[in-house]
Structure formats: structure tokens, C-alpha cells
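Quick note: numbers below take in every heavy atom, side chains included, and nothing from hydrogens, waters or symmetry partners. Quick note: residue numbers are just sequence positions, from 1.
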Amino acid sequence: MSARTTPRTFNNNSAPVNYVAGLGRGATGFTTRSDIGPARMGAESETNLNDNNFDQFSGYSGSIVDKLPYDEDDEAADQVWNDVDMKMDDRRKSRREQRIQEQLSKFRAVRPKLQHQFTDLKRDLHHVTKEEWDNLPEPGEHRKHRAAEKRNERYIPAPDSLLEKARKEQEVHHNLDEKQMTFGGMETPMAGGATPLTDLKSIGEARGAVLSVKLDQMSDSVTGQTVVDPKGYLTDLNSIKISTEAEIGDIKKARLLLKSVTSTNPGHGPGWIAAARLEEVAGKLVAARQVIRDGCKACPANEDVWLEAARLQTRENAKTVLAEAVKKIPQSVKIWLQAASLESNAMMRRRVLRKALEVIPNSVKLWQAAIDLESPEDARLMLGRAVECVPHSVDMWLALARLETYQNARKVLNKARETIPTEPQIWITAAKLEEANGNLDLVDRIIEKSIKSLSLHQVNLEREQWLLEAETAEKANSSRTAQAIIRETIGLNVEDEDRKRIWMEDADSFVARGCPECARAVFAQALMVFPTKKSVWVRAAQHEKAHGTAESLDALLRKAVSYCPHAQVLWLMGAKEKWLSGDIVAARAILNEAFRANPDSEQVWLAAVKLESENNEPERARSLLATARERAGTERVWMKSVVLERSMNQPEEALKLLGPALKAHPRAWKLLIIKAQLEESLGRVEAARETLARAVKLCPDCVPLWLCAATLEERQGLQGKARSLLEVARLKNTQAPRLWLEAVRLERRADNRKAAATLMAKALQQCRTAGVLWAEAIAMEPRAQQKTKSSDALKACDNDAHVILAVSRLFWRDRKEEKARSWCNRAVTLDPDFGDAWGNYYAFELQHGVPEQQQEVLRRCIAADPHHGDEWTSVSKDTRNIYKTTEQILKAVAAKMALGKYLPEALEKTSHH
């Protein structure tokens, strides 16, 4: 029996508290009434809140689980949680302290401590002597006075009897007193002559009399008119500052503290100034003047105190104060200058300053102020005296040199260099003087000598300072001086391997700041160091073309090709400039020299061919191309040869040339396209089809070949074959938006709108960011849905010129001219080579712009020289337009892209202009 009642154990260990056997297998623990005993009603008693009854875990009233034991596991758990709390507190400590510090800083900025407000005054307390410390009053005395003041300021309410008496005295009786009626009105008056009756009428008359007296006081004694400004009266009332009790208390505290400062250290000028300004802020100007007057007596050698006293006075009184100040401090430049500024007459100012110079002859500020008041002749005489009194003032020497003649100015500057050998401004001024008088060779020698002289006297200016001096010289129209400075100082503190890069950056920065001469000097120095660098010559030539003359550019290019004869771009730049200036013979001569230097150069040959063909010399061009094919038989040379024959209406000759051309370059897709076009134009459709079939096998990834093949079939009426060709091309070139676009357009031309819409949806899925497809999708939508489609297109490719062009045409159609102009400009800015955008922009300006805007678009298009775009290439690739200029092609494209009825008269006006 005892064995049954003994609880089972495992490894001689008792079961944990609340352990239920088999709980994991679904068993549940339960409790009977025998386990907890009978219920007791009213067991709760009133809570004892004594500290002895407090428990850390159960509080005052005990816990519902107070029967459970607090074992080691509970203690370990509490320790773990305590460690976690401490760890989290340490992690947040730095942020908490930083947040508290920021809050404290903001609070102190709004309400600073008193000790922080008077830090500067505390700093000056080290001047206080021991005797002055001993003479300080005891703190107790101040407390007694303040307590007495507080006792005097106590508010005691008036008794009711006093208020009742005052009421009766103000009362007016309209009936006679009975005593007066009884004795005939002969009653003896009250003691002291007082009477309980008050006559309000007499009080009103007296008040009116007082008001009239005040108005009379405000009247002018001469004209009798009032001196009160009626318009500014309310403004004056608004300017009256009403101080709060807190401000008044602060002023009182500051006054007491400053009084202590001035009494303990009367020779401290800033204390007197602070005390006077405190009274001024408090609105007590008379008190401020008195305080600063005492300050002048206490520290007569402090010029700031005298200047403050003059500031607080009226203009005439300030003159008196400063007259007394110059007696006390005759060597104060500030006081003399302030005294001169108070004089309203130029003669009196001149007299004051001359008197000051007699006392202080070595003051540069006094000399400058006095010379500014003189005429040029008198100023020159005074400057001659000034440089004797203040020989180390560079400004005086330079001012004197500017007023003298050329010969005298040279003498003055030479003497200045001897007196101040460490000042670079004197050397630079001497160089400017020689340049202004035409002695350009002396300019270079002066700047060179200045660098050596300054180095001997240990004056080493930074490179940036010299460049700044050069920039200043150019802006002062002394370009030769600027160039000399650049030449002598551009290499200071620059490593050899960094010279080219840094010098090019310097040139760009000079151009950006409007100093082309300095940039030209930088390029000249760079070309002396790097005479064989083609990139430096090209940039120098571009700079000369933008900021120089045709002669200087030609001289630079001739010098460039002598150093870099194999730089083809330099030869071509020279020939092009001669061609643009109309000198065809000189351009041809330059190209002949380029042939001798570069016999196998494709660019030089093609440039010569272009020169001859565009100047109506086809036979010369043909001869040049024949020689070029022998010397440099590149793909481009063969193509130009074929194009020349086609432009001369010689298709058979062009086909003959295509044979050896394709033998030399079988994968040249442009030659293959030209051959197919020539065969089609001659009626040889099957030959053209075979050519294109071979071409797409040779170059299956060439999209233009597939497009040309599909177009050929469509022109022959075989739309199905064209459709299949485009489908095969899309299988071989999955990411080719142009193939999808041509397939959509094929269906649209065949009036298969549903098929076109289906293809467009697939195309946009395949090429999500293709702007050409989105532009076509916008055009395919009905007018009401075009704005929505435009929004989707802008989300997919915001910076695509095709989409921007499509949106601009929508604004143009809706007559939103400003928006249309803005979007047209955005399209040509995003892609300047996109000819369709230029044509659209120009057409818009022809219909809605002024001639200036039209000419600006035309100028920008010619400068950009575009070559791409569906409408642009359809015009420019036409054999009839092969030699047309960019301006002519632009006008033709604009005529095709105009909305509504085109204005031919506007186009005609622009062409005549």
C-alpha cells in the first residue's frame, strides 16, 4: 500500500512543479475540491498599506499565486531579463544622452543661464585689483535693501469707510440742504473749506483749458501752425515699445550688474558703452548720454567711448564731443574720420582731414579720405606728399602713377619697386602701363623680371593667385600682360605627368569665365611643351575658331600640320575653313598636301571627292575616287563611287562598280542595298529579290536588309510574302523595334487595324522601352485616347526623342503653343541627330513663331547637322536631293510634317531671308 502512494521518480529526482504525466499525449490535469479545501466567503480583508506589508513580487495585498514556490529557475529567468534590460539600456544610452543634450541646447538657446549672459564681463574681472575687491559691498546689505523695497511695494487694500467717503465727495445734489433753507443759506462752511458738492461743468472747462494749453505748446511760434505730423502720428504710436514686466526686470538686473562693472573698474570702456546702450534700449536717451559722459571722464583715452558719446548726441553736439575727443586723443584716426564725416560741407571736411594729417601724417586711411575730396591736380600733389609720408602704401604709389604722365608714371613705379620690392602689383601695373603705350616687348620682359625679383625676395605667390591676376588683367583690357603672366606662371607647382590635363582644365575654366586671351595663352604654352599632341592642336584650333579670326585659325592649322602631318582631322579642318570662306582653290591645295602626307587616308580622299562633287566638278570627283579605290579601297570609298555614279544618272556604271566592290567587301550591307535598289529601278525585280535573299543569308542580323526585302515585296503587291519576311526577321532578331514597327505599318497600310493593334501589343511587350513603337502606338489610338497612351509612353521611356516628338504634335494639334514649343525644343535637345524632330520644330515655328524664332531653329539645325529620322532620310537619301544643304532638306521635311494647311509663303520668306 505504501508502494502505491509513493510518487514515482525518475533517476531519483522529483517531478517539476505542475507536472502532469502524459501531457504531451493528450492527458489533462484537473483539480478537485478536496485539493483546494472548502471555499471561504469574505476572506478578503481591507488592504494594509504599511511598508512592512509590501512584498517585491506580490505587492501590498498578496498574490493569487503566492502559494507557488520561487525556485532557482525563476531567479535565473529574472536575472536573464535583468541582463537583457541592462543591455538594451546600454545600447540606447548614447542616443538618449545625445537627445537630452540637444534638448538642453535648444532650451539654453531660448532661456540661457545668467552666468552665460555675462561671460564677457566675467572675463574682464581679472583686471580688478585687490583693493577694489575689498571695497565691494557685502551681500547682506543688498538683501536688506531689497527686503525694504519689497515691504514698501506691498499692496494694502483701502477700507470700505474710505471708499464710501470718496463716493460721497463725488456725489452731486440737485436740492438745497434743509439747514441752508432754515437759516437762509448762511451756514458756516466746513472746516478746511471742503464741500461735499462737486461741479462737473467746471471740471470739464478746466480740462478743455489744459488741452488748449498743450496744443498751443505744440504750435510753431512763427507761423502758428501745428508741428505734429498727422500722417505719422499713428506710426509714432506704433513705434512706442511697451515693455513687459519680465523685460523691465531684465533691464533692472543688467543695469545693476553694469553699474557694478563701471564702479569697480571705471577705466573699462566697454562697460560704459554697454551701460549707455542699455539705457538707450530702455528708452532713456538722456540717461544714456549722462552715462557715456561719465564714461568719457572715467576713460578719456578710449576712442570707442568718445565715438559712442558722439553717436548718442545730435549732429551739432556730436561735433562738440569729437572736438573734445581730439584734444584728449589726438592720434586717433577713427575720431578724426568721424569728425570729418559729420561735416556737411566738402570744404569743412577737407579742412578737418588736413588738420588730422598735420597731427597723424603716417595714416593711410586719412590720406585716402583726404585725396578722395581733392580735384585730380590737387590729388596728384597730395599723393606726392603721401608717398613720402607713407612710403610702404602700395595703393598710394599706384594711384600716383595713374595720375601722372607716361614718363613720370614710369619714374614713380620704378621708385615704388625700389621702396617696396616685395609687391607684385607694382610690377603688373608697370606692365599694363607699357602695354597701354604700345611697348609690347617690354611687357614680357617686365613680367619675366618680376618673377625672378620676387623669388629673390622670398615672395612666392600661389599658382592660383597668378592666374587670378592674369584674369583681372585681361578684364582690364591688358591682354598682353595677362598672356605674359600665364606664360611665366602656368607651370608652377604642376607635376610633369599632370601638365596636359591641368592646362586643358585651366583653358576651359578661362573660357567659362569670359577670358579667351588667357585660354589662348594656355594653349600656346601647352603647344610649346607638347608640339606633337594632336588633341592639343585640335582643341586650340576649336578655340581659335570660336574666339579668333580666320587668319589666326589658318596660321594655327598650318603650324599644326607641320608638327602633326599625319593628323587627318587637322588637314580637314583647314580645308573646310577655306571651303566655307569661298576659297575653293586654297581648300583644294590643302587637300593635295594632305594626300602627300597621308596617301592612304580614306577621310582625306572622301573630303576631296565631296569638295569636287558639291562644287559641280563630277569628273574631278570621279578621277579622285578611281585613284582612291586603288590606294585605299575601303568599303566607304567604293560606296561613294557607286553613289556618285547613281547621282550622275549612270545606273549601269554603278552596277559595274558594285561587282568588284562586293567581291572586295561581300558583307557590306549598304552596297547590297544599293545594288538591289539599282536593279529594281532598272526593272530587274527578280535580280533585286535574289540580291536581297543572298544578303539576308550573309547578314541575318542586319535589320535594314530585312526591311528593304519586305519593302520590295510590298511594292510588288506581295503583302503576304512581305509579312512572312518580317516574321522570319523577328525570329532571328528578337530585340529589333524597327522590324515590329514595319510589321505594324504594313498591316495599317493594308487596312488591317485589328492585326496592327495585336502586333503593336506584342511589340510593346517584347520591346517595352522602344520609343519608336510608343510613338506609333500614340498615332494609332483614337483622338480621345491619345493622351492616355502618351502618359503610358512617358512612363515607359521618358527621355526618348520619338515619344517627345509625338507628344509635341499632340500639343500642337490642341493649339497649346507654349507647351508645344517647349516639347519640340526638348526633343531636339535630347537627340540633336534626329532630323524629324528638327523638321517638326521648324514647321511649328513657321506657323506660330516669329522670324527670329524661325531663324534660331534653322541655325541650331545647321549646327547639329542631323542624319536620321524616317522623314529626314526619305528626303536626304533621294537621289534628287543628294547634294542639297541641311537648310534645304530641313525646309522640305518641315513641309511634309506640317499640321493642317501648310504655309508655303512662310517657307518662301525664310528661304529668301
Side-chain angles (χ1 to χ4, degrees), residues 431-432 434-436 438-441 443-444 447 466-491 499-565 567-591 593-594 607 611 859-860 862-865:
K432 291 180 181 178
E434 298 298 340
E435 181 179 359
N439 300 324
L440 301 181
D441 294 336
V443 173
D444 301 335
I447 296 299
W466 283 113
L467 297 184
L468 183 60
E469 292 293 344
E471 181 180 343
T472 306
E474 181 176 351
K475 291 181 178 178
N477 297 324
S478 300
S479 57
R480 186 60 177 264
T481 303
Q483 291 176 350
I485 294 173
I486 293 292
R487 184 170 55 255
E488 297 295 333
T489 61
I490 192 66
R499 286 183 299 179
K500 180 175 176 292
R501 176 181 58 83
I502 293 177
W503 289 352
M504 295 300 100
E505 292 175 358
D506 291 336
D508 292 339
S509 64
F510 277 129
V511 172
R513 293 196 296 271
C515 299
E517 295 298 329
C518 291
R520 183 177 286 113
V522 173
F523 282 124
Q525 187 66 19
L527 291 173
M528 289 180 61
V529 179
F530 306 105
T532 59
K533 289 290 185 180
K534 180 184 71 173
S535 59
V536 180
W537 285 107
V538 170
R539 295 186 65 172
Q542 291 172 349
H543 175 78
E544 204 64 36
K545 182 179 179 180
H547 302 282
T549 61
E551 292 76 13
S552 63
L553 177 59
D554 182 63
L556 179 67
L557 288 173
R558 288 189 176 278
K559 190 176 180 181
V561 295
S562 66
Y563 282 101
C564 304
Q568 304 168 18
V569 63
L570 296 174
W571 291 105
L572 297 179
M573 287 179 67
K576 185 176 182 181
E577 292 301 321
K578 290 296 183 182
W579 182 12
L580 294 177
S581 63
D583 193 352
I584 305 299
V585 177
R588 190 177 289 123
I590 291 175
L591 289 176
E593 294 179 15
L611 175 67
R859 182 192 64 78
R860 291 174 59 189
I862 294 173
D865 192 19

Test log, rule side-chain contact (heavy atoms from CB on, under 4.5 Å), inputs Arg480 and Asp441: CA-CA 9 Å; Arg480 186 60 177 264; Asp441 294 336; 4.3 Å; yes

Arg520 vs Glu544, salt bridge (Lys or Arg N to Asp or Glu O under 4.0 Å): CA-CA, chis, key distance, verdict: CA-CA 8 Å; Arg520 183 177 286 113; Glu544 204 64 36; 3.1 Å; yes

Worked check of salt bridge (Lys or Arg N to Asp or Glu O under 4.0 Å) between Arg539 and Asp508: CA-CA 10 Å; Arg539 295 186 65 172; Asp508 292 339; 2.7 Å; yes

Candidate pair Val529 and Val536, rule side-chain contact (heavy atoms from CB on, under 4.5 Å), full reasoning: CA-CA 10 Å; Val529 179; Val536 180; over 6 Å; no

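Here the CG atom belonging to Leu527 is positioned 6.5 Å from the CG atom belonging to Leu556, to the nearest 0.5 angstrom. Of the inter-residue distances, the one linking Lys533 atom NZ with Cys564 atom SG reads 10.0 Å to the nearest 0.5 angstrom. Considering CD of Gln542 and CE of Met573, their distance stands at 5.5 Å, rounded to 0.5 Å. With rounding to the nearest 0.5 angstrom, the NZ atom of Lys578 is 9.0 Å from the CG atom of Leu553. Ser478 contributes atom OG, which lies 11.5 Å from atom CD of Glu517 (distance to the nearest 0.5 angstrom). Once rounded to the nearest 0.5 Å, the distance linking CG of Leu467 with CD1 of Ile490 reads 5.0 Å.
Shortest non-hydrogen contact noted between Ala507 and Ala519 is O-CB, 3.7 Å.
For the pair Phe510 and Ile486, the minimum side-chain heavy-atom distance is below 4.5 Å. Counting only heavy atoms from C-beta outward, the side chains of Cys518 and Gln483 never approach each other to under 4.5 Å. Residues Leu557 and Ile590 fail the side-chain proximity criterion, which asks for heavy atoms closer than 4.5 Å. Counting heavy atoms from C-beta on, the side chains of Ser479 and Glu435 come closer than 4.5 Å. The shortest side-chain heavy-atom distance between Asp444 and Glu488 does not fall under the 4.5 Å cut-off. Residues Pro516 and Glu474 are in side-chain contact: their nearest non-hydrogen atoms beyond the backbone lie under 4.5 Å apart. The shortest side-chain heavy-atom distance between Trp579 and Ile584 falls under the 4.5 Å cut-off.
In this structure, the side chain of Thr472 engages the main chain of Leu468 through a donor-acceptor pair within 3.5 Å.
For residues 516-561, the set of pairs meeting the ring pair (Phe, Tyr, Trp, His ring centres under 6.0 Å) definition, not counting sequence neighbours, comprises Phe523-His543, Trp537-Tyr563, His543-His547.
Applying the side chain to side chain donor-acceptor pair (under 3.5 Å) criterion to Glu577, with sequence neighbours excluded, gives Lys545.
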